[in-house]
Structure formats: C-alpha cells, structure tokens
Amino acid sequence: MATYVLLPGFWLGAWAWRPVVDDLRGRGHDVHALSLTGTGERAHLARPDTDLETHIADVLNLIHYEDLRDVVLVGHSYAGAVVIPSVADRMPERINRLVFIDSGPLPDGMSHSEFVPPEERTRNAELVRTEGDGWRLPPPPWRQLASDVAGLPGGALERLVRLSAPQPWATATTPVRLTEAWEKLPRLYVLCSFPVEEVQKRIATVPAFRHMATEGWAYRELLGWHWPMFDRPAELAAILHEAV
C-alpha cells in the first residue's frame, strides 16, 4: 500500500480526481485528494490574498496533521509546476516521490503566469480585470476546449462546467521559492499534451524546462487531453499505481 496526495490544477478541486481516487483505493492504497484554498468545497475561502504560499500551506498542513509519510505527491498542471516542488522542498523527509501530470517544476523565482506565452498572459490579466473583480481568473470555456476530445465519459463535461471555480490570481503571480532539497527525490513525468521528444527539445532551448534535464526523471506518455483525470482516469490510475 502506498500513500498518495493528489493536487489539481487551476479551477479544479478534489472532486476532479474522484475516478482516480476510487481506482487507487480499490487497489489498496491510502489516497488523499485535496481542494486547495479557493477551489472545490473550499471555494468560499477564496480571497484576493490567496496565493501560492496559501496553497503550499494547505498541503503541508494536510501531511502534518494526517501524519502522512512516504507520500507520493501528485500535482497536475499548476500544482505540478509550483506547489509540489515547494512542498517537497520544505518537507522532503515526508515525500517518497513526486509525480508531475502534464507539468514540470519551474525554476526558483519564476511564477506560473510567467510560463505561458505573453499573449496568453495578457489575455488572462484582462479576464481577471474585467470578469474576475481584479483578483480571480474565471474558468475557461470547457465545452469549447472539450469539443474534439475523445473518450470523455458521460457527465464529465457537465461536472467541469458546474464545479469549476475561479482561480485566485495571486496563486499564478507569486514566484516560486526553492532550495535544492526537493531535487534529491525521485520524479515521474506523465506527458499528455506532447511526447517525450518534444520535452527533450524544450529542455535544450527553454530555461523554464531546465529542471527536467537533471537525473532522477522517469517519463510516461499518456497522450490526450491536458486533463487526463477526465478522459483517461483508469490509465492514469494505473500509471500512479505502477510508479511505486
């Protein structure tokens, strides 16, 4: 039996992991899916000052108060880029390995918002200003994004539309602060949006990918949608099971 902590990306809560959680628990694992502050059942706790440090504290407190050890810490998208490396950096003795779902660790001093292309950054900032009261990023047009996605089970898209919550924008603009403690841990990268060859090309040309060039990485391809917990949950659960 392994202990998993599953963290979602922007706009999603613990609810997004439900099929993966059920599968892993059916295999005998101890699984904790967490809604970060401002998302899921904790959407009412969102504030303008909810930032990356808030989300790091969410995970550190879960591990501390549940007395979790040898944790397989899984982060999707934003949570992979900045949350799980930060947690592992501050509590490495409790972490068994890190799993990045269609994501990768950003270097010290970089914020999540700086990773996206300038035009997307400008567009997001404008959405925050005009539709998010100046501090929240509204969920994307899920029906449009999923229009050409094969394999979405019945009800998944409706749940996305109904349960997604605006993302506190300070979580995207807070720079990540890392030492080197987290880099000693084993890491697995689950690729969904592009294959291994594309990652290797980006490592050579994009500074934000430099941590992925270090030793200790393993790669698995699960090519499909950026949100594999919706279109390929059974295969994602199998990869997480095999990771330990």
Side-chain angles (χ1 to χ4, degrees), residues 2-18 20-21 30-101 103-115 124 128 132-137 139 163-185 187 211 229 240:
T3 298
Y4 294 84
V5 171
L6 309 180
L7 307 177
F10 274 10
W11 309 294
L12 309 180
W15 57 269
W17 292 104
R18 190 173 302 157
V20 178
V21 169
D30 181 25
V31 188
H32 303 258
L34 179 63
S35 292
L36 300 170
T37 297
T39 66
E41 74 279 8
R42 306 178 71 207
H44 64 291
L45 299 177
R47 297 166 25 133
D49 61 353
T50 300
D51 62 5
L52 173 58
E53 288 296 323
T54 308
H55 287 174
I56 295 168
D58 287 338
V59 187
L60 291 172
N61 283 340
L62 172 70
I63 294 171
H64 173 70
Y65 287 104
E66 293 294 327
D67 196 24
L68 305 181
R69 300 175 186 276
D70 293 324
V71 173
V72 180
L73 188 56
V74 181
H76 169 252
S77 195
Y78 152 79
V82 291
V83 180
I84 68 172
S86 301
V87 170
D89 204 55
R90 302 182 194 190
M91 197 180 274
E93 71 282 0
R94 296 291 189 95
I95 309 301
N96 176 279
R97 68 187 60 235
L98 302 174
V99 181
F100 298 83
I101 308 297
S103 182
L106 296 183
D108 176 62
M110 188 176 190
S111 70
H112 188 268
S113 65
E114 293 174 309
F115 179 71
N124 286 341
V128 171
D133 301 319
W135 63 276
R136 296 177 294 183
L137 179 66
L163 299 178
S164 295
Q167 182 77 16
W169 187 234
T171 63
T173 58
T174 308
V176 65
R177 297 300 180 195
L178 299 170
T179 68
E180 298 179 353
W182 72 277
E183 296 188 60
K184 300 177 177 64
L185 294 165
R187 287 163 273 163
H211 280 306
M229 63 281 286
L240 295 177

Might you work through the side-chain contact (heavy atoms from CB on, under 4.5 Å) test for Leu137 and Trp11, ending with a clear yes or no? CA-CA 8 Å; Leu137 179 66; Trp11 309 294; 3.6 Å; yes

Could you tell me whether a side-chain N or O of Glu183 sits under 3.5 Å from a main-chain N or O of Glu180, the two making a donor and an acceptor? no

Output yes when a side-chain donor or acceptor of Arg94 lies under 3.5 Å from a complementary backbone atom of Val71, and no otherwise. no

Which distance, rounded to the nearest 0.5 Å, do you find between the [atom1] of [X] and the [atom2] of [Y]?
X	Y	atom1	atom2	answer
Leu6	Ile84	CG	CD1	10.5 Å
His112	Thr171	NE2	OG1	8.5 Å
Leu163	Arg18	CG	CZ	7.5 Å
Trp17	Leu12	CH2	CG	9.0 Å
Thr39	Trp15	OG1	CH2	9.5 Å
Thr179	Asp89	OG1	CG	3.5 Å

Quick one, [X] and [Y] - any side-chain contact, counting heavy atoms below 4.5 Å?
X	Y	answer
Val5	His32	yes
Leu7	Leu73	yes
Ser77	Phe10	no
Pro168	Pro48	no

Closest heavy-atom pair and its distance - [X], [Y]:
X	Y	answer
Ala33	Ala14	O-CB, 3.5 Å
Gly40	Ser35	CA-OG, 3.9 Å
Phe115	Leu106	CD1-CD2, 3.6 Å
Arg187	Leu185	NE-O, 3.3 Å
Leu36	Pro8	CD1-O, 4.2 Å
Ser111	Glu114	N-OE1, 2.8 Å

Test side-chain contact (heavy atoms from CB on, under 4.5 Å) on Thr50 and Leu45; report intermediate values, then the result. CA-CA 9 Å; Thr50 300; Leu45 299 177; over 6 Å; no

N/O donor-acceptor pairs under 3.5 Å from side chains in residues 54-64, not counting sequence neighbours:
{"residue": "Thr54", "atom": "OG1", "partner": "Asp51", "partner atom": "N", "Å": "3.2"}
{"residue": "Thr54", "atom": "OG1", "partner": "Asp51", "partner atom": "OD1", "Å": "3.1"}
{"residue": "His55", "atom": "ND1", "partner": "Tyr78", "partner atom": "OH", "Å": "2.8"}
{"residue": "His55", "atom": "NE2", "partner": "Thr37", "partner atom": "O", "Å": "2.8"}
{"residue": "Asp58", "atom": "OD1", "partner": "Thr37", "partner atom": "OG1", "Å": "2.9"}
{"residue": "Asp58", "atom": "OD1", "partner": "Arg42", "partner atom": "NH1", "Å": "3.4"}
{"residue": "Asp58", "atom": "OD2", "partner": "Thr37", "partner atom": "N", "Å": "2.8"}
{"residue": "Asp58", "atom": "OD2", "partner": "Thr37", "partner atom": "OG1", "Å": "2.9"}
{"residue": "Asn61", "atom": "ND2", "partner": "Ala57", "partner atom": "O", "Å": "3.3"}

The criterion is ring pair (Phe, Tyr, Trp, His ring centres under 6.0 Å); which residues satisfy it with Trp182, sequence neighbours excluded? His211

After noting the C-alpha distance and the side-chain angles of Asp30 and Leu68, does the key distance pass the side-chain contact (heavy atoms from CB on, under 4.5 Å) rule? CA-CA 10 Å; Asp30 181 25; Leu68 305 181; 4.3 Å; yes

Near Arg177 CZ, under 6.0 Å, is it more than 12 heavy atoms from other residues, nucleotides or ligands? yes

Modelled atom types, side-chain donor and acceptor of Asp70 and Thr3, under 3.5 Å: no

